[in-house]
Each structure stands twice: as structure tokens, then as C-alpha cells.
Asker: 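Sharing a structure, written as C-alpha cells. Questions coming.
What you are looking at is a predicted structure, and each value in this text was computed from that prediction instead of being measured.
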Amino acid sequence: MSLAERRIAIEGVTPEVQGGRFAAKAVAGWPFEVAADIFADGHEVIGAAVVAGKREHRMTHLGNDRWQAVLRLAEPGPARFGIIAWRDLWGTWARDARKKRDAGQDLRVELVEAVQLLSRAQGGRRYDRALARLAKAAEAGDAGPLLDPETDALMAEIGPRANLSDLGREVPVWVDRERAAFSAWYELFPRSMGPGDRHGTFRDVIGHLDYVADLGFDVLYFPPIHPIGTTNRKGRNNALRAEPGDVGSPYAIGSPEGGMDAVHPDLGTIEDFDALVAAAAQRGIEVALDIALNASPDHPWIAEHPDWFERRPDGTIKYAENPPKKYEDIVNFRYYREDGTPNAPFWEAVRDLFLFWAGHGVLCFRVDNPHTKPFPFWEWVIAEVRAQHPGTIFLSEAFTRPKVMKRLAKVGFNQSYTYYTWRNTKDELTEYLTELTTGGCRDFMRPNFFVNTPDINPVFLQYAGRPGFRTRLLMAATLSGNYGMYSGFELCESAPLPGREEYLDSEKYQLRRRDWDAPGHIKDDIRLVNRLRAANPALRDFLNLRFFEAHDPRVLYYGRFDAETRNYLLFHVLLDPFEPAEFGFEVPLWEFDLPDDGSIEVEDAIHGNRFTWHGKNHSLGLDPQDRPYAIWKLVPPGGAA
């Protein structure tokens, strides 16, 4: 009759991803909220707790049978939690005894019950003296000590638990280190970092690290750094034929000099790479690598492992294609055999590639087009790598269908590219961010708001000019915990291939030389936003985002509020890159339990001056040619922490 004992219903658990099939995501040391619907028959008091490891975290009743606990998971790696609930006999006794006492009723029978309940307490010998004192008061007819709040707290801890019920399962959680949830990525091509017309090297990148650090980025990401094939090599601007001296696409990986565990000889040696990783770490920067499972027709694995590649019926190797397009500088790997079983040696080789680079100090990986590879493959590979390196971060570069993006996040990717690049209007941004922060995906999908990539030159930036670059930067860095940019963005590069969402003279196919101090850059804006991110705890967990109303459809108005640290920021962003705006807005005094005519101190987070906003209604002007955004730091009554 175990069914009869489990009298408490525990339902609607969050976070729980697909019934526990996949792990919810947490961050080591950050608050982690667990909630559930917990109730039973009748009107007795219920007690509940989240059990994680050997610790119980008592849950608080929020109303309408919804309960919540906030805990902190300490170490990166796998974790699990359960939920237990019980009929709180002492809590029920104390509630009813107070009502009877207040009504002037006789409590003699209730005091006998109290003695019985005290005898069933499970606190051990250290509580014997307190329990004896309470029992003596009850036997003397004195209900006062038994109804004291201190007694409530004591008995909530050690009182008898009737009909102890549990969830019936443990919910899996993956605990990340903080950089998985809060990071600023900067992408550059090492081969473009050389002086003059010379091919850049890892040593050249070391000379550029101070620039990256000065801008405030903490992840430096490289496209593939491996040998590049010559067969069917692409030319400039994706020309089908390369001219002499063309460097080719770094995504056509593999030559007689090696594959994905080798470095392009023109970049230097693996020892040079190790020196770069160490020099970056000295500046607080992690190096991220692109793992692109693409092989050129010259990849050594083709001769060594011919069964690792897709073949046509005539036995020829199959090129990558997206009909009618063909990518003849790339061939396809084979993930499953003809009988449907995994191509296990290939899976293991890919796992070993990640482990190889982890052995060289790289624990951040951007994975190219993961949505074109099997989900079980990624789930297995990521789990295998994490078993040895729990702090590994996998960024999913999957600009694909929403459900596919979310499935990749479920199988283990820590961060995900998103549709931010194409969300430009107030309604589009509000709707999309509301989905990311309040929908079911909030428990497993962490967005990384890249403002551009070598593949994507957004149409908006092609015509918006410097004001558009500034607003897209500001929003990416303050709407999401993770954001990134591809080099050249700070210089407002936007020249497109005519009629395409691609860059003219794309760096994917040629070396680029840049004047890093060219007029019109936005490096000061980048330094500002990264400095704000470092200084304000509210900008870490993007789930605290709240939208407010600005009375102009061209102005996005939002806040990032962290009550624990009393850190509150407001942002106004003018989305129109051409015309100024004068608009009204409401200061969210209600968030601080202040009346509409209340006052709150505010600091201009850009200029540093402080003043007071009196009342709820205010107005503001923004000019895209001056500064298309404003940032305010609120100082509520009692001050900021």
C-alpha cells in the first residue's frame, strides 16, 4: 500500500526539461530557483523541501499551492534534485491552537496533543533541553512558549513529518561555470593580423591581445586555424576558382600538413598557439576555437579512414551541398553506417579532437553548423568531453528553425546563436526577449547575441550607419548575458555584396587589413558597455529582464533588476538611426513599492551625475547623431548595496 502513504501531490516542477529527459541549466554559485505545485486533501499545513545532495532546502509557499526554494549549486558538473513534502503536524497544531486561543477556547486537550508531538521530534540529543522545557510548559497548562515564533522555527526543522511523500524521481541539472552564462566574445581571423601583406601568425595575435583586453572582452574566438585544402579552393568573394596566392576558406579543413588537430603552418606551431593561450589568460581572456566538422578533399582522414565519409553509388566522395548550391571544397562526414548503427570510430575521433584542444588550454568551442549533424552524436560527444572537463563551454552556431535550436541546447550546448541579428523593431525585440526569458526555453537555452558574424552582414547595419552599430551593440550587451562581435564591427564595416546579407571582400576568403583607429569607430561605446557589465551584477543573469513603456514606437525601454545586490539599471534605446525622438516614459516606482508621486535617486551611468526623479512621469530626448541611448542606475530608498 505504498500508494496510500504518498498522500501529498507534487506536480508542475520547474525547472524540468522534457520530464527530466534533459538537464536544466544552472550556474555555480548563482541563485537557482526550484518550484512546484504541492498540495494535499483537507486543510492541514504542508511542509516541503528541495533535496540536493545531502542538503534540504526548505520551500516557501507562494500562494495557490505553488512552492519555491532558492538554492545555490557549488561546483560545475552534473547535479540532481528531488522534492519531498509532508503533512506538518506541529504546524497544523500551532495554527489551530492560535485560533482557539484567540477565540478564548479551552486548550487543555491541545496541550496534551502538543506533548505527544514534542515526543516525536527528530532533532537528536542537542534539542533535548528545549523539548523538555516546552513539554513542561504544556503539562503546566502554559501554551505561550509553544506558540512562540521561535518554537515554530524549531519544530519546522525537527517536528514530525506525516505522510512523507516525494516526487518519485530526481531532476537532472547541469551546473556551469559563470562564463557559460556571462561572457563577451570577440572574433578575429589570426591570419589577418600580420603587418603589410604578410600572413598573420599566432605571435601577431599576441601583439593584439592588449587591444582586445582594452575593449573589455573575455573570450577571443578564432575561426578554424587548421591547414586548408587546395583542391577546389574558393577564391575571393566565394569565387569558384582561386587565383594564385588566394588563401582559401578556413572551413575547408585538411591538407597533407594535417587536419583538425593541426595548425596551419603559416600561423606558426602548436607551441606558438600554446604561448598565445597563456598570454591571453594573463589578461583574463579565454581563447575559443571553432570546431567545424568540414573536410577538404585533401584531408588526411580520407585516405586513412575512407569509411568516415559519405559516398555516392559510384563510389566517389560526396561533396557538401544545399541544392542547387554545391560546396566542392568540402566533403561530408559519415555519422551512421548503412545498418543504422553509429560510425563509432569517427564519433570517438571527434571527441578526441575536443579533448586534444582542451589539453592545450581551450575550454570554449564555437561549433559550426551543429544542426546539420545528428542530435545523438552531439549529446554523446558533449557528455564525453564534460566527463573529463566539466567547465567546457559549447556555443551552438545554428541559425535554423526554433525547435532545432532548442533541441541542440537540450542535448548539451551551453550557449546558442539566436535570431537577435534579425530582430530590429520594438515589437520584434520585445516579443523575442519575452520568449527567451519567460518561455520554457529559459531553463535550458542561453542566448549569445552576436551582432554580426563573418557569414552575416545584417541588412539593418548596411544602411543604419554609426548610430545603428551603437544601438545594436548596446542592446546585445545589455539584453543578454552572453554577446559577441566579429572584428570590424567596431569600425562600422558594412559594405555588402550587392543584394546579399554578406560582406564584400569577405575575410573568409582573403586577408583583411584594418586601421583599428579609423575615424567613426565605436570603441568607446564598447569599452563603456563592457565596463558596465563588469561593474553591475544586474547585467549577469539575463532572466531578470523587464520591459517598460516608452511612449514612442521607436524607443525600446527596459530594465535589469537584481534585488539581492540592490542593483537596478534602466535603458532607453532609440531604434531609429536617422531621426531624433522626444518621448515620455514612466519611472517604475511601483517596483520599489513607491507611490506614483514618490521620488527616487538616479545616476546617469554614462556621465556619472546624480539627481532625483520626482514622480512617475518624465520625458527624454535622444538624437541618433549624438547618443542614441541612455543608461540610468536607480538608487532606491535605503541605497544600493
Asker: Looking at Glu33 and Arg442, does any basic side-chain N land under 4.0 Å from a carboxylate oxygen?
Answerer: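 The answer is no: the pair does not qualify as a salt bridge.
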
Asker: Between Arg533 and Asp218, does at least one N-O distance fall below 4.0 Å, as a salt bridge requires?
Answerer: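 The answer is no: the pair does not qualify as a salt bridge.
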
Asker: Looking at residues at least two apart in the chain, or sitting in another chain, which of them share a salt bridge (charged side-chain N to carboxylate O under 4.0 Å, His left out) with Arg169?
Answerer: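 Applying salt bridge (charged side-chain N to carboxylate O under 4.0 Å, His left out) to Arg169 gives Glu16.
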
Asker: Using the six-membered ring wherever Trp is involved, compare the ring planes of Phe394 and Phe413 and label them parallel, tilted or perpendicular (cut-offs 30° and 60°).
Answerer: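 Phe394 vs Phe413 ring planes: perpendicular.
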
Asker: Would you say the side-chain atoms of Arg366 and Tyr221 include a donor-acceptor pair closer than 3.5 Å?
Answerer: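 Tyr221 and Arg366 do have a side-chain donor-acceptor pair below 3.5 Å.
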
Asker: Please step through salt bridge (charged side-chain N to carboxylate O under 4.0 Å, His left out) for the pair Glu435 and Arg423, ending with a clear verdict.
Answerer: CA-CA 13 Å; Glu435 174 192 346; Arg423 299 295 185 263; over 6 Å; no

Asker: Any side-chain heavy atom of Leu154 within less than 4.5 Å of one from Leu134?
Answerer: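 The answer is yes; the side chains approach within 4.5 Å.
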
Asker: Compute the centroid of each ring, for His572 and then for Tyr557, and state whether the two points are separated by less than 6.0 Å.
Answerer: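 So the answer is yes for these two rings.
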
Asker: Does the separation of the ring centres of Phe444 and Phe22 fall below 6.0 angstrom?
Answerer: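 Not under 6.0 Å, so no.
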
Asker: Would you check if the side chain of Ser480 reaches a backbone N or O of Ala476 as a donor-acceptor pair within less than 3.5 Å?
Answerer: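 Pair absent, no side-chain N/O of Ser480 close to backbone of Ala476.
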
Asker: Hydrogens and angles aside, do Tyr483 and Asn530 bring a side-chain donor and acceptor to less than 3.5 Å of each other?
Answerer: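 Asn530 and Tyr483 do have a side-chain donor-acceptor pair below 3.5 Å.
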
Asker: Counting the benzene-type ring for Trp, do Phe548 and Phe585 have ring centres under 6.0 Å apart?
Answerer: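 Not close enough - the centres of the two rings lie 6.0 Å or further apart.
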
Asker: Between Arg407 and Ser396, does any side-chain donor sit less than 3.5 Å from a side-chain acceptor?
Answerer: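 The criterion, which ignores hydrogens and geometry beyond distance, is not satisfied for Ser396 and Arg407.
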
Asker: Is it true that Asp562 and Arg540 have a side-chain N and a carboxylate O under 4.0 angstrom from each other?
Answerer: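 Salt bridge between Asp562 and Arg540, a charged N being under 4.0 Å from a carboxylate O: no.
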
Asker: Please name all residues satisfying salt bridge (charged side-chain N to carboxylate O under 4.0 Å, His left out) with Arg179, sequence neighbours left out, ordered by chain then number.
Answerer: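 Partners of Arg179 under the salt bridge (charged side-chain N to carboxylate O under 4.0 Å, His left out) test: Glu286.
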
